[in-house]
Amino acid sequence: MGEDARSTPGERSGTSGGSGERIRSVRAGVVSTKHIGLYIGAGVVIALLICAVTVAVFGVNRVITGLAIGLAAAVAVLVALFGRDVIVLTDRAIYRRTPWAESRLEWDRVVAGRFALDERMRWSLALDLTSGDELHDELVLLSIPPVRRPVSNAYEHRKCEQVAEIRRILRHKRIPVTLLPEIADALREHWKMAPAAQ
């Protein structure tokens with residue numbers, strides 16, 4: 001980050017914030033490119049399979065019907081797969097879920113959080129972890145395009161809420177978070193998010 005980065009200081013806690021009150025869970029996470037390819041491939045296979053079965057049973061005149069049913073089924077499967085590939089932040093622990101597995105990460109493995117630019121020049125909110133099996137010892141919670149205007153659509157509204165929810169639970173757990181000055185300024189100007197109390 002360098003000397004220009006801003007840090008939200010605070011004592012670390014392995015359980016909860018000073019108030020001791022529980023906080024609701026937060027869904028986050030970024031689906032990896034590998035998983036995206038797998039899910040899209042599964043959707044294509046399902047669509048083609050249903051179309052082929054429909055044609056085999058009802059004849060070639062039903063190919064459009066088969067495609068329509070197959071596409072509807074593929075969309076339903078994709079929604080289910082992407083919805084299951086998520087990171088859930090709870091008061092007790094962090095859960096990493098995929099359609100085929102779930103693992104638990106304790107809060108005491110979280111060293112700090114950082115909101116910075118990633119290799120694609122998107123804003124990435126990630127947690128730095130003690131040594132484990134995570135890639136680069138980090139857990140990416142969010143990746144969004146740079147904010148350059150006030151909220152103007154449903155996607156931006158959801159991401160604004162998600163950033164606020166993640167910051168709230170990290171503050172509750174007393175995890176120090178570092179933000180690049182340009183990110184902090186944009187969040188304050190466009191999304192009206194004040195920096196965490198110093």
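Heavy-atom basis, side chains included; hydrogens, waters and symmetry copies ignored.
With rounding to the nearest 0.5 angstrom, the CG atom of Leu125 is 10.0 Å from the CG atom of Leu139. For the atom pair CG (Leu170) and CG (Leu89), the distance works out to 7.0 Å, reported to the nearest 0.5 Å. The CG atom of Leu141 lies 10.0 Å from the CZ atom of Phe115; values are rounded to the nearest 0.5 Å.
In this structure, Tyr39 and Arg84 have side chains that are not in contact, with every pair of non-hydrogen atoms separated by 4.5 Å or more. Residues Leu105 and Ile87 form no side-chain contact, since every pair of their non-hydrogen atoms from C-beta on lies 4.5 Å or further apart. With contacts defined as side-chain heavy-atom distances shorter than 4.5 Å, the pair Val63/Cys51 qualifies. Counting only heavy atoms from C-beta outward, the side chains of Val110 and Leu129 approach each other to under 4.5 Å. At a threshold of 4.5 Å between non-hydrogen side-chain atoms, the residues Arg120 and Ser143 count as touching. Looking at heavy atoms from C-beta onward, Ile175 lies in side-chain contact with Trp107 at the 4.5 angstrom threshold.
Of all heavy-atom pairs spanning His190 and Arg149, the tightest one is CB-O, 3.3 Å. For the pair Cys160 and Trp191, the tightest heavy-atom approach, listed with the atom from each and the gap, is CA-CZ3, 3.5 Å.
By the criterion of side-chain heavy atoms lying less than 4.5 angstrom apart, applied directly or through intervening Ile, Leu, Val, Met, Phe, Trp or Tyr residues, Val147 is grouped together with Leu117 in one hydrophobic cluster. If you chain together hydrophobic residues whose side chains sit under 4.5 Å apart, Ile46 and Ile40 fall into the same group. Neither Ile50 nor Val79 shares a network with the other; the hydrophobic side chains, linked directly or stepwise wherever heavy atoms of I, L, V, M, F, W or Y lie under 4.5 Å apart, form separate groups for each. Connection of Val30 to Phe82 is not established within any shared hydrophobic cluster, with ILVMFWY side chains joined at heavy-atom distances below 4.5 Å, either directly or through further cluster members. Taking hydrophobic clusters as Ile, Leu, Val, Met, Phe, Trp and Tyr residues chained together by side-chain heavy-atom distances below 4.5 Å, Leu142 does not share a cluster with Ile36.
Salt-bridge annotation for Glu165 and Arg158: present, with a side-chain N of the basic residue lying under 4.0 Å from a carboxylate O of the acidic one.
Side-chain polar atoms of Thr54 and Arg62 form no donor-acceptor pair below 3.5 angstrom. At a cut-off of 3.5 Å, with distance as the only test, a side-chain donor of Arg96 or Ser103 sits close to an acceptor on the other residue.
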Assess whether side-chain contact (heavy atoms from CB on, under 4.5 Å) is satisfied between Ile94 and Leu127, documenting all intermediate values. CA-CA 11 Å; Ile94 302 170; Leu127 300 179; 3.9 Å; yes
Could you give me the CA-CA distance, side-chain angles and deciding distance for His172 and Asp91, then say whether side-chain contact (heavy atoms from CB on, under 4.5 Å) is met? CA-CA 9 Å; His172 178 74; Asp91 192 52; 3.0 Å; yes
Would Leu187 and Leu179 count as a side-chain contact (heavy atoms from CB on, under 4.5 Å) here? Give the steps. CA-CA 10 Å; Leu187 291 177; Leu179 292 85; 4.0 Å; yes
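Judged by distance alone, with hydrogens and angles left aside, the side-chain atoms of Arg167 form no donor-acceptor pair with the main-chain N or O of Val177 at under 3.5 Å. For the pair Arg114 (side chain) and Ala126 (backbone), a donor-acceptor distance under 3.5 Å is absent.
Within a 6.0 Å radius of CZ in Phe58, other residues, nucleotides and ligands contribute 12 heavy atoms or fewer. Arg122 CZ: more than 12 foreign heavy atoms inside a 6.0 Å radius.
In this structure, Trp100 has its ring center closer than 6.0 angstrom to the ring center of His35.
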